[in-house]
*Asks:* 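My questions all concern the structure below.
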Amino acid sequence: MINLILFGPPGSGKGTQASKLVEEFNLVHISTGDLFRFEMKNDTPLGLEAKQYISKGELVPDSVTIGMLKNKMTKHPEAKGFIFDGFPRTIPQAEALDQLLAETDQSINGLFALQVEDEEIIKRILSRGATSGRADDLDETIIRNRISVYKDNTLDVYDYYAAKKKASTIEGVGSIEQISNRLRKAVSATI
Ligand code: C5P
Ligand code: MG
């Protein structure tokens, strides 16, 4: 089993690159942001709860996000491994993920952090907002809050896996192809 975390600030290209890695390494892609958006689109109780946070660029409470992730993972008992995109975003989420994987004698093989500067990210997200249909991609104040939340809460997750010698950084600027080549090399060297 191979379990990877694609890490990085909002708009760093995690989703785009995850889709490429999934094909290459035959993994199941889990984007917690996409899962929340699906629930919101269907006006489910989970979607309605998540919307209160997502609309402000805040994090959905850990218990809710972890519950949703567990539920998704149990739907894929056949998986050869997972690629986690946008999760874990807090230390408790990372601990819960490690514990969950440990229950089936698995672990995270590596965390790959895409590095992109703030101003580039804001440009990218605003241009994605023109077509993504995401309210949180259209408002610069919300985008800046998402970046602060990343710095205040999520960056710790990098250190958590770095302490286990499982974290590496990838230059996240360039063509999609260039970035996926860098990632592929880094992933291949890890597994
Ligand atoms: O990962 P993505 O950028 O698509 O997530 C969109 C939003 O979903 C985040 O800004 C946050 O509000 C919420 N989210 C969360 N916890 C996660 C993943 C996403 O609160 N682990
Ligand atoms: Mg994404």
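Both counts, for ligands and for their atoms, begin at 1 and track the order of listing. Everything quoted here is computed from the prediction, not taken from an experiment.
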*Asks:* Which of the numbered atoms in ligand 1 are under 4.0 angstrom from any heavy atom belonging to R37?
*Replies:* 4 (O), 6 (C)

*Asks:* Suppose I only count heavy atoms of G86 and a 4.0 Å limit; which atoms of ligand 1 are within that range?
*Replies:* 17 (C), 18 (C), 21 (N)

*Asks:* Only heavy atoms of Q93, strictly under 4.0 Å: list the atoms of ligand 1 that pass.
*Replies:*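 So the atoms of ligand 1 that pass are 21 (N).
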
*Asks:* Considering non-hydrogen atoms only, spot the tightest contact between L97 and P88 and give its length.
*Replies:* CD2-CD, 3.9 Å

*Asks:* Nearest 0.5 angstrom please: L6 CG to I83 CD1, how far?
*Replies:*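 Between L6 CG and I83 CD1, I get 4.0 Å after rounding to 0.5 Å.
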
*Asks:* Between E49 (side chain) and P61 (backbone), is there a donor-acceptor pair under 3.5 Å?
*Replies:* no

*Asks:* Just grab all the ring pair (Phe, Tyr, Trp, His ring centres under 6.0 Å) pairs involving residues 74-126, residues at least two apart or on different chains.
*Replies:* F82-F84

*Asks:* Following the transitive rule for hydrophobic clusters with a side-chain heavy-atom cut-off under 4.5 Å over Ile, Leu, Val, Met, Phe, Trp and Tyr, establish whether Y161 and L100 coincide in one cluster.
*Replies:*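 In one cluster: yes.
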
*Asks:* Just heavy atoms, cut-off under 4.0 Å: does L59 contact ligand 1 by side chain, backbone, both, or neither?
*Replies:*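 For L59, the contact with ligand 1 is made by both the backbone and the side chain.
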
*Asks:* Around atom 19 (C) of ligand 1, find the nearest protein heavy atom and jot down its residue, atom name and distance.
*Replies:*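 Ranking protein heavy atoms by distance from atom 19 (C) of ligand 1, first comes R89 NH1, 3.5 Å.
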
*Asks:* Going by the atom numbers of ligand 1, which of them fall below 4.0 Å from some non-hydrogen atom of V60?
*Replies:* 15 (C), 20 (O)

*Asks:* Could you tell me which atoms of ligand 1, counted from 1 in the order shown, lie closer than 4.0 angstrom to a heavy atom of T32?
*Replies:*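 Result: 17 (C), 18 (C), 21 (N).
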
*Asks:* Using a heavy-atom cut-off of under 4.0 Å, does the side chain or the backbone of Q52 touch ligand 1, or both, or neither?
*Replies:* neither

*Asks:* Could I get the full list of ring pair (Phe, Tyr, Trp, His ring centres under 6.0 Å) partners for F36, not counting sequence neighbours?
*Replies:*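 Listed in chain order: nothing, the list is empty.
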
